[in-house]
**Q** 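Please find one structure pasted underneath; my questions will follow.
The chains referred to below are lettered A, B, ... by the order of the sequence lines, with proteins before strands, and numbering in each begins at 1.
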Number of protein chains: 2
Amino acid sequence: MPASSIRARVRAEMIDEIKAVARRHLATDGADLSLRAVARDMGMVSSAIYRYFPSRDDLLTALIIEAYHALGDAVETADATADRADLRGRWHAACRAARAWALAHPAEYALLYGSPVPGYAAPVDTVLPAQRPPLTLIGILRDGVADGRLTPPDDDLPAPVRADLAEIAAGLFPGLPAPLLARGMAGWTQLFGLISFDLFGRLDPVLPHRDAYFDHQTALMADLIGLP
Amino acid sequence: MPASSIRARVRAEMIDEIKAVARRHLATDGADLSLRAVARDMGMVSSAIYRYFPSRDDLLTALIIEAYHALGDAVETADATADRADLRGRWHAACRAARAWALAHPAEYALLYGSPVPGYAAPVDTVLPAQRPPLTLIGILRDGVADGRLTPPDDDLPAPVRADLAEIAAGLFPGLPAPLLARGMAGWTQLFGLISFDLFGRLDPVLPHRDAYFDHQTALMADLIGLP
DNA sequence: GCTCAACGAGAGCAGTGCTCTCTATTTAGT
DNA sequence: ACTAAATAGAGAGCACTGCTCTCGTTGAGC
């Protein structure tokens, strides 16, 4: 191993440590990450951080990508662990995994799905990781259609909506009918809304039994989709 | 009119103007409201603002309450304008009004439904205004049950969920069965998710026909609820 | 061994929310 | 009508932020 790589390795470790400290700050102090506080925690001066991240937004972007992957991993492994033939079981497992991750990492979830930071535009690097959770969910439907366990609905969609959805399906879920894709996206939208309301304290005072409520609501969407 | 009230009137006008300028800043600069910038726009120095609002959070709270009422007004009048007997028409009108208001006031919507500002806890004054949109939506279901146009579903809810929902119904929607309330809340959650995805740019590149998509998705929820 | 890039420290800039003090004005009480 | 008190605004200042620039130091490649 050439000597040059030790500097590169130290650099990579520094980047990792900065991200780790920043993630810790997110968890304790909330979503407004202070670069200077991160630097202080590392015994560095704030300008030194700029050797590794050109700006605070770039650090945030790195954290966002990592968070998307963490959430994606959680959802995908939950789905993969469930019985492949049990579509409804997979749906519930994936939904519960997403909610569990969000409850365990509220600040990171807010980073991903909260209101966009003013002036911050999500870079292209984030769009693929961001697609993983919905891709997993709708992948369940595609599997169901493929092996005949799930009979797609026959909604009459407005032509332009059907065209848009058909294009999406052609690119990501070959063979998935547009009406079913629409219902799957409804399920994903619902999942996001459920977790957001849960996390941002919109229903905890009025609904003490939130786990059971969540399960029932995701079951409603499973019904809408037609999961057996 | 006693002379004392002219000072009070000027004060009220000042408060209104501060809120108006702040709202304008929200619309142009995004959600991170700068108190100093508002003061500059009014030809005042920043400390003078503190004669009217004890802190930046209090100014934000005032804006939030106003925004909730603006959204609530939009949704309620849309519902009230529609044919009272046409439950599905009322549902769509209310949903469309909420989305239209959000698209017209994205920064204020983000203030209401985005990730909570770190350290900012919504005061009690906001909870009643915040309930207006979902109250309107579920009020449509209550009306439907009351006049027999809407037959409630017979889902078997987990006992604790049924109890929680029954308590909510007892307080806000007497006579509304718990399973129907659950479906109505699903519709509200879905509406929030739809608008958020739409507003925060999560589906505009992939779904050009967003109006039609929105209508179809809200129709799906109307189906789930059972609106005729 | 020399050279140049990388690194960290430090100072500094413009901006933020907020507090405190000081002055002018308006209100209220006698 | 005069005085005392409440109110409004200005200004300075504190601690903090992201970010830029300059300065030595250190380490890697030739």
**Q** Is A:Met44 close to A:Met14 at the side-chain level, that is, under 4.5 Å between some pair of heavy atoms?
**A**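 Of all side-chain heavy-atom pairs linking A:Met44 with A:Met14, at least one is under 4.5 Å.
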**Q** Just compare D:dC19, C:dC18, D:dT17 and give me whichever is closest to any side-chain atom of A:Ser34.
**A** D:dT17
**Q** Counting side-chain heavy atoms from CB outward, which of D:dA10, D:dC21, D:dT22 is closest to B:Val45?
**A** D:dA10
**Q** Return the nearest nucleotide to the side chain of A:Ala37; candidates are D:dG9, D:dT17, C:dT19.
**A** D:dT17
**Q** Can you confirm if the aromatic rings of B:Tyr113 and A:Phe200 lie within a centre distance of less than 6.0 Å?
**A** no
**Q** Using a heavy-atom cut-off of under 4.0 Å over every strand shown, decide if B:Phe53 touches base, sugar-phosphate, or nothing.
**A** nothing
**Q** Is a salt bridge present between B:Asp211 and B:Arg96, judged by a nitrogen-to-oxygen distance below 4.0 Å?
**A** no
**Q** Under 4.0 angstrom, heavy atoms only, what part of the nucleic acid is A:Ser55 near: base, sugar-phosphate, or nothing?
**A** sugar-phosphate
**Q** Within a strict 4.5 Å, meaning less than it, do heavy atoms of the B:Asp41 and B:Arg24 side chains meet?
**A** yes
**Q** Distance check needed: C:dG15 P versus B:Asp41 CG, whole Å only.
**A**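 After rounding, the reported distance stands at 14 Å.
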**Q** Could you give the CZ-to-P distance, from B:Arg9 to C:dT27, as a whole number of Å?
**A** 11 Å
**Q** Select one nucleotide: of D:dG11, C:dG17, C:dA9, the one nearest the side-chain heavy atoms of B:Arg56.
**A**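 For the B:Arg56 side chain, the nearest candidate turns out to be C:dG17.
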**Q** Rounding to an integer number of Å, can you tell me how far B:Ile49 CD1 sits from D:dG11 C1'?
**A** 15 Å
**Q** Within the 4.0 Å heavy-atom criterion, would you say A:Leu33 contacts the bases, only the backbone, or no part of the nucleic acid?
**A** sugar-phosphate
**Q** Taking B:His216 for its side chain and B:Ala212 for its backbone only, find out whether a donor-acceptor pair lies under 3.5 Å.
**A**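 Flag not set: sc B:His216 to bb B:Ala212 has no pair under 3.5 Å.
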**Q** Which part of the nucleic acid does B:Met42 contact within heavy-atom distance under 4.0 Å: base, sugar-phosphate only, or nothing?
**A** nothing
**Q** Separation of B:Met44 atom CE from C:dG17 atom P, in whole Å?
**A** 14 Å
**Q** Return the nearest nucleotide to the side chain of B:Arg11; candidates are C:dA9, D:dA8, D:dA10.
**A**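 Nearest to the side-chain atoms of B:Arg11, counting from C-beta on, is D:dA8.
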**Q** Please report, rounded to the nearest Å, how far the C1' atom of C:dC18 is from the CG atom of B:Leu59.
**A** 14 Å
**Q** If I take atom OH in residue B:Tyr50 and atom P in nucleotide D:dG13, what distance separates them, rounded to the nearest angstrom?
**A**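 These atoms are roughly 18 Å apart.
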**Q** May I ask you to verify if any side-chain N or O of A:Tyr52 is less than 4.0 angstrom from the OP1 or OP2 atom of C:dG8?
**A**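 The answer is yes; a side-chain N or O of A:Tyr52 sits under 4.0 Å from OP1 or OP2.
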**Q** Looking at A:Phe197, A:Tyr213, A:Phe214, which one forms a side-chain contact (heavy atoms from CB on, under 4.5 Å) with A:Leu207?
**A**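 In the set A:Phe197, A:Tyr213, A:Phe214, the residue that makes a side-chain contact (heavy atoms from CB on, under 4.5 Å) with A:Leu207 is A:Tyr213.
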**Q** Figure out the CE/P separation between B:Met14 and C:dT26, and round it to whole Å.
**A**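 So the two atoms are 14 Å apart, to the nearest Å.
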**Q** Nearest-nucleotide wise, let me know which of A:Gly43 and A:Arg36 is further upstream toward the 5' end of DNA chain C.
**A**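 Going by which nucleotide is closer to the 5' end, it is A:Gly43.
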**Q** Round to the nearest Å and state the distance from A:Asp57 atom CG to D:dG18 atom C1'.
**A** 10 Å
**Q** Should the side chain of B:Ser47 and the base of D:dG11 be counted as holding a donor-acceptor pair, with the cut-off at 3.5 Å?
**A**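 It does, because a donor-acceptor pair links the side chain of B:Ser47 to the base of D:dG11 below 3.5 Å.
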**Q** Using the side-chain heavy atoms of B:Leu35, tell me which of these nucleotides is nearest: C:dG17, C:dT16, C:dA9.
**A** C:dG17
**Q** So if I take every side-chain heavy atom of A:Arg40 and compare against C:dA9, D:dT17, C:dC18, which nucleotide ends up nearest?
**A**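 It is D:dT17.
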**Q** Tell me which nucleotide among C:dT19, C:dC7, D:dA8 gets nearest to the side chain of B:Arg51.
**A** D:dA8
